[in-house]
Amino acid sequence: MLLKYASLDLLNSSITDVHSGVHLFSVITESFFTTEPIYHPDAGTKHTHIQRRRTAIADIHQRQVAEIVWAGRVPLSIRIDRETLSGVTSLFNNCETVTVIPSSPSKLKVPTRIGAIWVATRRSLELRCSTSGELRSAFHLNCVQTGHRLRPASMPGIGSHFLEIHELHSAHMVEMIVSCLIMDILRRNVFDMSSHDFDHHLGPCRQSDPTSRSLHLEYGHPMWRYVI
């Protein structure tokens with residue numbers, strides 16, 4: 001199966017099955033304001049009116065199948081179908097075996113809950129079976145389709161994003177789309193790449209921001225130093 005994003009803005013795009021032409025999913029991101037207990041260095045923890053962003057994914061029947069609430073570029077909460085995850089690390093199997101391998105090329109490996117592991121480099125993002133290493137999915141950015149093949153576009157921004165799926169249970173489709181989005185943000189930070197077009201929706205999440213500090217303490221895993 002080959003899925004195509006209609007927009008280069010991954011947070012606001014429809015996702016189409018290239019073979020059938022059916023629009024399988026739609027992704028919409030909107031901002032909202034909420035009041036949350038936030039730690040301030042000078043005043044301690046106070047209820048503060050702050051802006052958040054919410055990404056909603058709907059299926060072909062317009063049923064919302066996933067939601068991400070963002071604090072900057074960090075996922076503050078994730079819901080997949082009827083399951084609300086206890087934290088973003090739950091999406092990646094508690095991040096117990098996250099590794100950055102300084103080989104050539106350098107690789108970032110992050111486990112998932114679906115028997116597979118994300119393998120990211122500066123030029124690629126793939127989902128592989130945890131035991132056999134066989135390719136299950138691959139994310140292709142800014143590519144053009146020639147016949148049955150994908151090739152990188154000659155210039156930035158003139159191609160499309162594709163999600164190639166080789167072997168994946170249909171029940172895991174939405175979870176893979178959600179984790180792929182988060183993994184590409186991680187990949188760009190780990191390898192010091194340019195930000196996505198969608199970054200203007202999320203905004204910075206600096207170490208000096210008291211919200212960022214509380215998130216860093218909450219997640220606590222070294223992986224998040226690549227995002228915050």
Exercise for the section: Supply the atom-to-atom distance S90 OG to I80 CD1, rounded to the nearest 0.5 angstrom. Expected result: 10.0 Å
Exercise for the section: Would you name the heavy atoms of F191 and L108 that are closest together and state the gap between them? Expected result: CZ-N, 4.0 Å
Handout entry: Distance in Å, L3 CG paired with L24 CG, rounded so as to fall on 0.5 Å steps
Key = 6.0 Å
Practice task
Determine whether I177 and V22 fall in the same hydrophobic cluster, where Ile, Leu, Val, Met, Phe, Trp and Tyr are linked whenever their side-chain heavy atoms lie under 4.5 Å apart.
Solution key: yes
Completion exercise
Closest non-hydrogen contact found for T29 with N12 is N-OD1, 3.1 Å
Exercise for the section: Would you indicate whether the side-chain heavy atoms of P75 and W70 approach each other to under 4.5 Å? Expected result: yes
Problem - Nearest-0.5 Å distance that lies between atom CZ in R79 and atom CG in L85 - result: 10.5 Å
Handout entry: Joint hydrophobic cluster, I28 plus F25, side-chain heavy atoms closer than 4.5 Å
Key = no
Handout entry: Donor-acceptor under 3.5 Å (S7 side chain, D9 main chain)
Key = yes
Completion exercise
Separation between OG (S130) and CD1 (I114), nearest 0.5 Å, reads 8.5 Å
Fill in the blank from the handout: Shortest non-hydrogen pair, R113 vs L91, comes out as CG-O, 3.7 Å
Handout entry: Verdict with supporting geometry, V178 and I68, side chain to side chain contact (heavy atoms under 4.5 Å, CB included)
Key = CA-CA 8 Å; V178 170; I68 309 172; 3.8 Å; yes
Completion exercise
Between G159 and L8, the two heavy atoms sitting closest are O-CD2, 3.4 Å
Problem - Side-chain donor or acceptor of N142 paired with backbone N/O of M155 under 3.5 Å - result: yes
Handout entry: Close side-chain approach of L181 to V27, heavy-atom, < 4.5 Å
Key = no
Handout entry: Over all atoms of both residues, closest heavy-atom pair of L150 and C143
Key = CB-CB, 4.5 Å
Exercise for the section: Using a cut-off of 6.0 Å, state whether more than 12 heavy atoms not belonging to E30 lie near its atom CD. Expected result: no
Fill in the blank from the handout: On a heavy-atom basis, the closest approach of A66 and V174 is CB-CG1, 3.7 Å
Exercise for the section: Would you mind reporting whether L186 and W118 have side-chain heavy atoms less than 4.5 Å apart? Expected result: no
Handout entry: Over 12 foreign heavy atoms within 6.0 Å of NE2, H49
Key = yes
Exercise for the section: Under the side chain to side chain contact (heavy atoms under 4.5 Å, CB included) rule, what do F139 and M176 come out as? Steps first, then yes or no, please. Expected result: CA-CA 11 Å; F139 189 42; M176 184 196 63; over 6 Å; no
Handout entry: Main-chain N/O of N189 paired with R187 side-chain donor or acceptor, under 3.5 Å
Key = no
Fill in the blank from the handout: One should read off an interatomic distance between L135 CG and E126 CD, to the nearest 0.5 angstrom, of 5.0 Å
Exercise for the section: Hey, could you give me each pair passing side chain to side chain donor-acceptor pair (under 3.5 Å) that has a residue in residues 16-25? Not counting sequence neighbours. Expected result: T16-H23, D17-S20
Exercise for the section: Check the pair M173, V65 against side chain to side chain contact (heavy atoms under 4.5 Å, CB included), reporting the backbone distance first and the verdict last. Expected result: CA-CA 10 Å; M173 180 79 71; V65 292; over 6 Å; no
Exercise for the section: Report the C-alpha distance between R136 and T112 in whole Å, list the side-chain angles of each, state the deciding distance to 0.1 Å, and finish with yes or no for side chain to side chain contact (heavy atoms under 4.5 Å, CB included). Expected result: CA-CA 12 Å; R136 289 194 177 179; T112 69; over 6 Å; no
Exercise for the section: Tell me whether L127 is reachable from M1 by hopping between hydrophobic residues (I, L, V, M, F, W, Y) whose side-chain heavy atoms are closer than 4.5 Å. Expected result: yes
Practice task
Check whether any side-chain heavy atom of E134 lies under 4.5 Å from a side-chain heavy atom of H166, and answer yes or no.
Solution key: no
Practice task
Please tell me if the side chains of T48 and H40 come closer than 4.5 Å, counting only heavy atoms from C-beta onward.
Solution key: yes
Practice task
Give the cluster check for L141 versus L163: same hydrophobic cluster or not, with ILVMFWY residues linked at side-chain heavy-atom distances below 4.5 Å.
Solution key: yes
Practice task
Answer with yes or no whether the hydrophobic clustering places I165 together with I57; edges join I, L, V, M, F, W, Y residues whose side-chain heavy atoms lie under 4.5 Å apart.
Solution key: yes
Problem - From I78 atom CD1 to T55 atom OG1, the distance as rounded to the nearest 0.5 Å - result: 10.5 Å
Handout entry: Whether T121 side chain and S124 backbone form a donor-acceptor pair below 3.5 Å
Key = yes
Exercise for the section: Would you tell me whether H161 and S13 have side-chain atoms, one donor and one acceptor, within less than 3.5 Å of each other? Expected result: no
